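Worksheet: one structure, shown below.
The basis for the numbers below is simple: all heavy atoms, side chains too, and nothing from hydrogens, waters or symmetry mates. For clarity, every value in this text was computed on a predicted model and none was experimentally measured.
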Amino acid sequence: MATHLFNWSKQSIRKQLSVIRGDAAPSMILKNATYLSSARKSWLQGHIWIYEDRIVYTGEKLPEKTDGTEVVDCRGKYVVPGYIEPHSHPFQLYNPHSLAKYASSRGTTTLINDNLMFFLNMDNKKALTMAERLNDLPSSMYWWARYDAQTELEEEDELFSPSDLREWLEHPLVVQGGELTAWPQVMSGDDTTLHWMQYTKELKKPIEGHFPGASERTLTQMALLGVTADHEAMNGEEALRRLDAGMTTSLRYSSIRPDLPKILEELLEHGINDFSRFILNTDGSTPSFYRQGMADKMIAIALDKGVPDIAAYEMASYNVARHYGMDDQLGMIAPGRIAHLNILTSPKNPVPDGVLAKGQWVFRNGESTYPDLPFSWGEYGVNSLNIDWDLKEEDMHFSMPVGIELTNSVILKPYQIGVDVTNDILSESHNECFFVMLDRHGNWRINTVIKGFGRNIGGLASTFSNSGDIIIIGTEKNDMWKAFQELKTHGGGMFLVDNNETVAGIPLPLFGTMSEKPMEELMEEHEHFVNALRERGYEHEDPVYSMLFFSSTHLPYVRVTQQGIFDVHKKSVLFPAVMR
């Protein structure tokens with residue numbers, strides 16, 4: 001592969017050495033800075049020399065040559081490492097490029113990303129070439145390698161072929177295996193996944209788990225299987241269980257699980273005073289949640305709860321880099337590290353006054369200075385959906401006796417349908433809607449009723465789903481048909497129709513999953529869409545996650561998958577999909 005985890009050629013290293021020897025000038029000096037030293041666990045005063053994208057010196061000396069050097073006086077300012085988001089799902093309506101650009105403005109200059117959407121929809125060569133080009137951005141972009149699809153796919157064995165998995169795991173920009181959602185299968189004898197877990201360990205890369213509600217016994221077995229971290233703790237006790245199992249414990253603050261404040265309070269009550277094995281994550285939150293920030297917001301929560309300032313910053317920088325074995329390049333202010341740096345007005349305020357990413361300004365004087373670098377998605381085969389088929393009358397026939405009940409944003413339970421579903425319009429006196437899932441190519445469908453999603457949703461159609469298939473929900477069949485037509489017109493997205501008028505929409509022209517718009521514009525669309533659904537009876541935390549996880553078999557109790565309505569516990573299809 002052309003890209004290497006180590007960023008510098010022999011020639012560039014020689015040039016960096018010449019700066020130290022006084023034969024060449026640094027690109028930039030952060031002069032008179034108070035900077036965080038993770039080696040000493042203290043704040044030091046001195047100067048930080050940068051040559052192009054690398055820190056070449058920290059200490060009390062100034063360089064002999066400064067011709068062409070940008071000198072930034074940081075007197076009274078504090079410098080910390082660029083923040084790292086270790087658990088990014090970079091396809092939650094946004095795309096990796098737009099997320100990286102927005103994140104950098106709040107000091108998060110490194111993202112470690114889920115590869116699932118790209119693994120399932122692209123051939124390996126294009127997907128990995130895309131990952132390499134994304135790493136050419138000022139932000140650093142690393143990836144996971146999934147072992148499973150977290151749903152029941154028709155051709156999963158072909159998609160997760162040994163050659164494809166090996167290519168991802170071996171790529172230098174892929175820094176971990178997981179997240180492991182198929183752990184019950186591994187526990188019950190799935191040696192194929194266990195093989196890939198062992199191979200990940202041979203490559204000296206960590207494995208991320210996905211263990212909501214896991215007992216001490218389960219976590220112990222997961223540690224024996226090789227899992228090194230987990231992000232699913234929902235309270236202090238669960239976080240301690242993971243810590244006691246020897247795992248790096250990732251504390252979450254997300255749009256559907258904003259648990260971080262409670263977890264930190266309970267950890268402090270338990271007497272925890274060493275936070276070196278804790279890291280922070282936002283678990284792929286939806287766009288408008290990030291208005292309050294990313295890693296900077298989590299650091300602020302930690303400081304507010306009484307976590308010592310150095311420990312709070314290290315949970316979003318040094319601890320993450322060390323966990324991934326990359327602290328020789330990330331997460332520290334020391335020679336040899338990538339020049340990701342945040343300049344703060346106070347250690348009590350983690351929102352940066354200035355941000356350097358790979359040695360260039362990406363945020364300064366209250367404005368983003370991230371370079372305008374258009375990304376050619378089509379070059380890698382990331383295009384809009386071509387829905388070249390239409391709905392048939394029988395696609396709107398509902399006769400199944402069992403429906404699905406949404407009890408929170410993501411949990412589905414089966415229930416006995418008690419409403420009359422033979423009419424074209426359902427009553428608004430209850431919270432039940434028609435529900436259809438359709439193969440994106442038009443080959444099959446599943447028709448049922450969903451309870452708990454809303455009361456007077458005319459028609460909602462979405463290509464945003466874990467499996468990439470189409471979801472239509474509503475109380476009026478004409479509005480459902482109209483919403484589907486909007487999907488066809490825009491090549492994918494999420495559209496809400498009421499009385500034959502489109503009242504909210506999010507076009508998603510990249511795989512029907514991602515927008516091309518900047519985060520700020522997407523946040524407006526997302527908020528408008530969510531508010532429109534709330535006005536029509538949606539009562540849970542996040543409808544975008546509801547749409548995403550209808551087919552996700554890592555969650556209880558039933559799911560709507562490509563095979564049909566699926567009982568997660570029994571691993572069996574209750575009602576199969578119908579061919580069209």
Taking every heavy atom of Pro261 against every heavy atom of Lys305, the minimum-distance pair comes out as CB-CE, 3.6 Å

Of all heavy-atom pairs linking Ser250 and Leu280, the shortest is OG-C, 4.3 Å

Just by modelled atom types, is the Ala214 backbone N or O under 3.5 Å from a matching donor or acceptor in the Arg241 side chain?
yes

Could you verify whether a donor N or O on one side chain and an acceptor N or O on the other, from Tyr142 and Gln176, lie under 3.5 Å apart? no

**Message:** Any carboxylate oxygen within less than 4.0 angstrom of a Lys/Arg side-chain nitrogen, looking at Arg133 and Asp136?
**Reply:** yes

Rounded to the nearest 0.5 Å, the OG1 atom of Thr110 sits from the CG atom of Asn135 at a distance of 9.0 Å

Are Asn466 and Leu116 close enough that some pair of their side-chain heavy atoms sits under 4.5 Å apart?
yes

(request) Verify whether one side chain among His231 and Glu179 offers a donor that lies under 3.5 Å from an acceptor in the other. (result) yes

Quick note, ring-ring contact (aromatic ring centres under 6.0 Å, His included) partners involving residues 335-360, not counting sequence neighbours, are none

> Taking 4.0 angstrom as the limit, do Arg252 and Glu232 come out as a salt bridge?
Replying inline: yes

- Item | Any donor-acceptor N/O pair, Arg322 side chain to Ser276 backbone, under 3.5 Å | yes

Heavy-atom nearest pair, Leu137 first then Tyr370, reads CB-OH, 3.4 Å

**Asked** Are Thr248 and Arg277 close enough that some pair of their side-chain heavy atoms sits under 4.5 Å apart?
**Response** yes

Between the main-chain N or O of Leu406 and the side-chain N or O of His540, is there a donor-acceptor pair closer than 3.5 Å?
-> yes

Short side-chain to backbone donor-acceptor contact, Asp230 and His210, under 3.5 Å:
yes

Minimal heavy-atom distance between Asp148 and Ala182, with the atoms involved, is OD1-N, 3.4 Å

Contacts table for residues 291-304: side-chain donor-acceptor under 3.5 angstrom, sequence neighbours left out:
residue: Arg291; atom: NE; partner: Glu527; partner atom: OE2; Å: 2.8
residue: Arg291; atom: NH2; partner: Glu524; partner atom: OE2; Å: 2.9
residue: Arg291; atom: NH2; partner: Glu527; partner atom: OE1; Å: 3.3
residue: Gln292; atom: OE1; partner: Tyr253; partner atom: OH; Å: 3.1
residue: Gln292; atom: NE2; partner: Phe289; partner atom: O; Å: 3.2
residue: Asp296; atom: OD1; partner: Met294; partner atom: N; Å: 2.8
residue: Asp296; atom: OD2; partner: Arg106; partner atom: NE; Å: 2.9
residue: Asp296; atom: OD2; partner: Arg106; partner atom: NH2; Å: 2.8

Has the side chain of Lys358 got a donor or acceptor atom that lies under 3.5 Å from a matching backbone atom of Ser139? yes

OG (Ser38) and CD1 (Ile310) are apart, to the nearest 0.5 Å, by 8.0 Å

Self-check item: Lys41, NZ atom: more than 12 neighbouring heavy atoms under 6.0 Å
Solution: yes

To the nearest 0.5 Å, atom NZ of Lys31 lies from atom OG1 of Thr69 at 11.5 Å

Could you check whether Trp43 and Tyr78 have their ring centres less than 6.0 Å apart? yes

* Asked: Under 3.5 Å, is there a donor-acceptor pair linking the side chains of Tyr35 and Gln45?
  -> no

Within the 3.5 Å criterion, strictly below it, is a donor on Ser285 or Thr282 matched to an acceptor on the partner's side chain? no

- Message: If you count every heavy atom of other residues, nucleotides or ligands that lies below 6.0 Å from Lys15 atom NZ, does the total exceed 12?
- Response: no

Margin query: Could you tell me if Ser409 and Asp542 have a donor-acceptor pair between their side chains, going purely by distance under 3.5 Å?
Written below: no

Considering only distance and modelled atom types, tabulate donor-acceptor pairs under 3.5 Å from the side chains of residues 95-105, sequence neighbours left out.
residue: Asn95; atom: OD1; partner: His97; partner atom: N; Å: 2.9
residue: Asn95; atom: OD1; partner: Ser98; partner atom: N; Å: 2.9
residue: Asn95; atom: ND2; partner: Ser515; partner atom: O; Å: 2.8
residue: His97; atom: NE2; partner: Leu373; partner atom: O; Å: 3.3
residue: Ser98; atom: OG; partner: Asn95; partner atom: N; Å: 3.1
residue: Ser98; atom: OG; partner: Asn95; partner atom: O; Å: 3.1
residue: Tyr102; atom: OH; partner: Tyr290; partner atom: O; Å: 2.6
residue: Ser104; atom: OG; partner: Lys101; partner atom: O; Å: 2.8
residue: Ser105; atom: OG; partner: Tyr102; partner atom: O; Å: 2.6

| said: I'd like to know if the side chain of Tyr538 and the backbone of Asn531 have a donor-acceptor N/O pair within less than 3.5 Å. | reply: no

Close side-chain approach of Leu267 and Leu240, heavy atoms under 4.5 Å:
yes

Query - Pro81 and Tyr318, any side-chain heavy atoms less than 4.5 Å apart - result: no

Side chains of Ser27 and Glu52, donor plus acceptor under 3.5 Å: no

Query raised in the report: If you draw a 6.0 Å radius around CD in Glu70, do more than 12 non-hydrogen atoms from other residues or ligands fall strictly inside?
Result: yes

| task | Establish, yes or no, whether a centroid distance under 6.0 Å links the rings of His47 and Tyr57. | result | no

Cut-off 3.5 Å, side chains only: do Tyr147 and Thr200 have a donor facing an acceptor?
-> yes

Exercise for review: Say whether, by atom type as modelled, one donor and one acceptor occur between the side chain of Lys205 and the main chain of Leu169 under 3.5 angstrom.
Suggested key: yes

Practice item. Spell out, as yes or no, whether a donor-acceptor pair under 3.5 Å connects the side chain of Arg534 to the backbone of Ala532. Key: no

Taking every heavy atom of Glu238 against every heavy atom of Gly213, the minimum-distance pair comes out as OE2-CA, 4.0 Å

Handout entry: Residues Glu314, Phe275; criterion side-chain contact (heavy atoms from CB on, under 4.5 Å); working and verdict
Key = CA-CA 9 Å; Glu314 288 191 335; Phe275 290 85; over 6 Å; no

Residues passing the ring pair (Phe, Tyr, Trp, His ring centres under 6.0 Å) test with Phe511, sequence neighbours excluded, are none

By side-chain hydrogen bond (donor to acceptor under 3.5 Å, both in side chains), Asn115 pairs with (sequence neighbours left out) none

Could you go step by step and tell me if Arg257 and Asp283 meet the salt bridge (Lys or Arg N to Asp or Glu O under 4.0 Å) rule?
CA-CA 9 Å; Arg257 294 293 333 174; Asp283 199 5; over 6 Å; no

Throw together a table of side-chain donor-acceptor distances under 3.5 angstrom for residues 341-348, partners on residues two or more places apart or in other chains.
residue: Asn342; atom: ND2; partner: Gly107; partner atom: O; Å: 3.1
residue: Ser346; atom: OG; partner: Lys348; partner atom: N; Å: 3.0

Begin with the C-alpha distance, continue with both residues' side-chain angles, and end with the deciding distance and a verdict on side chain to side chain donor-acceptor pair (under 3.5 Å) for His526 and Ser288.
-> CA-CA 7 Å; His526 176 231; Ser288 60; 2.9 Å; yes

Shortest non-hydrogen pair, Trp144 vs Pro86, comes out as NE1-O, 3.9 Å

(message) Measuring centre to centre across the rings, with the benzene-like ring taken for any Trp, is Phe375 within less than 6.0 Å of Trp377?
(response) yes

Point to revise | Any side-chain heavy-atom pair of Glu170 and Leu203 under 4.5 Å | key: yes

Check: Do Trp143 and Phe118 have ring centres separated by under 6.0 Å?
Finding: yes

- Are the side chain of His171 and the backbone of Leu173 linked by a donor-acceptor contact shorter than 3.5 Å? yes

One should read off an interatomic distance between Leu111 CG and Thr109 OG1, to the nearest 0.5 angstrom, of 8.5 Å

Review point. With distance as the sole test, does Ser37 use its side chain to make a donor-acceptor pair with the main-chain N or O of Ser42 at under 3.5 Å?
Key: no

- Which of parallel (below 30°), tilted (30 to 60°) and perpendicular (above 60°) describes Tyr545 and Phe549? tilted

